[in-house]
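Starting from 1, each residue takes its place in the sequence as its number.
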Amino acid sequence: MKDHIRKRIQQPLEIHFDQPDKPYGCFSNFSSHPIELEGELWTTLEHYLQAKKFLGTTQEEKEIMRKALQAKVEQYPVIREILLSTGDATLIDCTSNDSEVLGRLWMEVRESLDGYQPHFYLPPWIVFPEEHPYSLCWRMGFGEDYLMHYWPWLEEMSVDARKEYDAYFPVPEEWQFEDLNEEDE
């Protein structure tokens with residue numbers, strides 16, 4: 001995200017994940033994405049991590065976890081796309097007592113991927129909650145500038161990444177517009 005935009009946004013750029021069946025649940029250790037590591041197929045990332053849990057120090061356990069996350073991204077291109085779409089947002093695991101470890105490791109894996117761009121945009125209704133969708137804010141000044149960056153960024157997302165984003169940030173009713181097709185008029 002452009003620095004001049006980042007400075008004006010009050011909301012934290014965070015994505016919280018926990019349950020595998022919720023938006024961004026693919027980042028959960030319990031998501032149903034079997035991974036192949038060390039010649040074995042593991043039902044979930046958590047199965048692999050539990051099998052390796054007591055093999056070393058905390059730092060070694062983090063390396064084991066990083067290796068597993070990297071394998072998950074390599075074996076599931078859709079997870080790679082979704083991870084890259086999170087840009088520079090902070091990823092926070094809500095299932096753990098130490099919510100920073102898994103999220104931080106996901107962010108490290110994300111930043112190591114080819115194609116990583118440190119851009120993440122919140123929907124305009126979150127950044128500007130006081131503005132109506134038809135406000136002049138969107139036609140001049142900071143609101144217009146924000147949209148000029150937000151829409152192209154959003155349109156570049158893969159279909160799967162966009163589904164996660166849209167599910168995580170549902171569009172409020174006043175922001176839902178009918179498609180106006182000139183042929184229908």
Side-chain angles (χ1 to χ4, degrees), residues 1 9 11-38 40-53 61-127 129 150-151 153-177 179:
M1 178 180 295
I9 296 175
Q11 299 81 0
L13 299 177
E14 296 176 343
I15 295 174
H16 299 253
F17 61 92
D18 53 6
Q19 300 172 27
D21 61 337
K22 301 286 185 192
Y24 296 105
C26 62
F27 301 145
S28 166
N29 288 348
F30 299 97
S31 72
S32 58
H33 295 90
I35 59 167
E36 187 175 330
L37 271 168
E38 300 173 6
E40 290 188 53
L41 186 63
W42 303 90
T43 308
T44 67
L45 196 82
E46 187 65 20
H47 284 86
Y48 173 77
L49 295 175
Q50 288 300 320
K52 303 294 178 186
K53 192 163 190 144
E61 287 179 6
K62 285 181 185 176
E63 286 306 315
I64 289 168
M65 187 180 293
R66 184 179 291 108
K67 175 182 164 184
L69 297 177
Q70 189 69 44
K72 191 171 180 178
V73 166
E74 289 170 2
Q75 293 172 29
Y76 293 93
V78 67
I79 294 176
R80 182 184 192 282
E81 291 171 6
I82 292 168
L83 182 61
L84 283 172
S85 77
T86 64
D88 58 349
T90 302
L91 302 178
I92 300 172
D93 172 24
C94 296
T95 61
S96 170
N97 291 335
D98 189 358
S99 62
E100 292 185 20
V101 173
L102 183 57
R104 201 172 322 122
L105 289 173
W106 271 118
M107 291 184 291
E108 289 174 15
V109 169
R110 175 184 67 195
E111 291 169 14
S112 74
L113 296 174
D114 288 339
Y116 169 70
Q117 296 288 323
H119 307 296
F120 182 80
Y121 292 91
L122 293 168
W125 55 87
I126 292 176
V127 177
Y150 172 76
W151 287 117
W153 170 81
L154 194 65
E155 289 173 357
E156 288 179 10
M157 271 190 201
S158 72
V159 171
D160 293 311
R162 179 69 185 266
K163 284 180 187 175
E164 294 294 312
Y165 183 86
D166 289 346
Y168 193 81
F169 299 107
V171 179
E173 190 173 320
E174 65 270 15
W175 280 81
Q176 295 177 7
F177 308 107
D179 289 333

- Message: Could you work out, with side-chain hydrogen bond (donor to acceptor under 3.5 Å, both in side chains) as the rule, every residue matching S85, not counting sequence neighbours?
- Response: none
- Are R110 and L91 side-chain neighbours, meaning at least one heavy-atom pair lies under 4.5 Å? yes
- Closest non-hydrogen atom pair, L41 against E36: CD1-N, 4.1 Å
- Go through the structure and list residues passing side chain to side chain contact (heavy atoms under 4.5 Å, CB included) with E156, not counting sequence neighbours. none
- Message: Going by side-chain hydrogen bond (donor to acceptor under 3.5 Å, both in side chains), name the residues that satisfy it together with Q117, two or more places apart in sequence or in a different chain.
- Response: none
- Closest contact, heavy atoms only, Y116 versus G87: CE1-O, 3.3 Å
- side chain to side chain contact (heavy atoms under 4.5 Å, CB included) with S32: which residues, sequence neighbours excluded? none
- Item | Closest approach of C26 to W106 (non-hydrogen atoms, all atoms of both residues) | O-CZ2, 4.3 Å
- Item | Y76: ring pair (Phe, Tyr, Trp, His ring centres under 6.0 Å) partners, not counting sequence neighbours | H33
- Under 30°, 30 to 60°, or over 60°: which ring-plane class applies to F27 and Y24, parallel, tilted or perpendicular? parallel
- Closest contact, heavy atoms only, G103 versus D93: N-CB, 4.5 Å
- Message: Show the nearest heavy-atom pair for residues S112 and Q70, with the distance to one decimal.
- Response: OG-OE1, 3.8 Å
- Can you name the side-chain hydrogen bond (donor to acceptor under 3.5 Å, both in side chains) partners of E108, sequence neighbours left out? R66
- Just jot down the side chain to side chain contact (heavy atoms under 4.5 Å, CB included) partners of P77, sequence neighbours excluded, or say none. none
- Task: For residues 70-81, pull every pair meeting salt bridge (Lys or Arg N to Asp or Glu O under 4.0 Å), keeping only residues two or more places apart or in separate chains.
- Result: none
- Item | Residues in ring pair (Phe, Tyr, Trp, His ring centres under 6.0 Å) contact with W151, at least two apart in sequence or another chain | none
- Query: Where do A68 and L49 come nearest, in terms of heavy atoms and distance?
  - Reply: CB-CD2, 4.3 Å
- Item | Residues forming a side chain to side chain contact (heavy atoms under 4.5 Å, CB included) with S28, sequence neighbours excluded | P20, F30
Taking distance alone, no hydrogens or angles, what donor-acceptor pairs closer than 3.5 Å link side-chain atoms of residues 166-173 to residues at least two apart or in another chain?
residue	atom	partner	partner atom	Å
D166	OD1	R162	NE	3.1
D166	OD2	R162	NE	3.2
Y168	OH	H16	N	2.8

- Message: Once side-chain hydrogen bond (donor to acceptor under 3.5 Å, both in side chains) is applied, do any residues pair with E38, and if so which ones, sequence neighbours excluded?
- Response: Y48, K52, K67
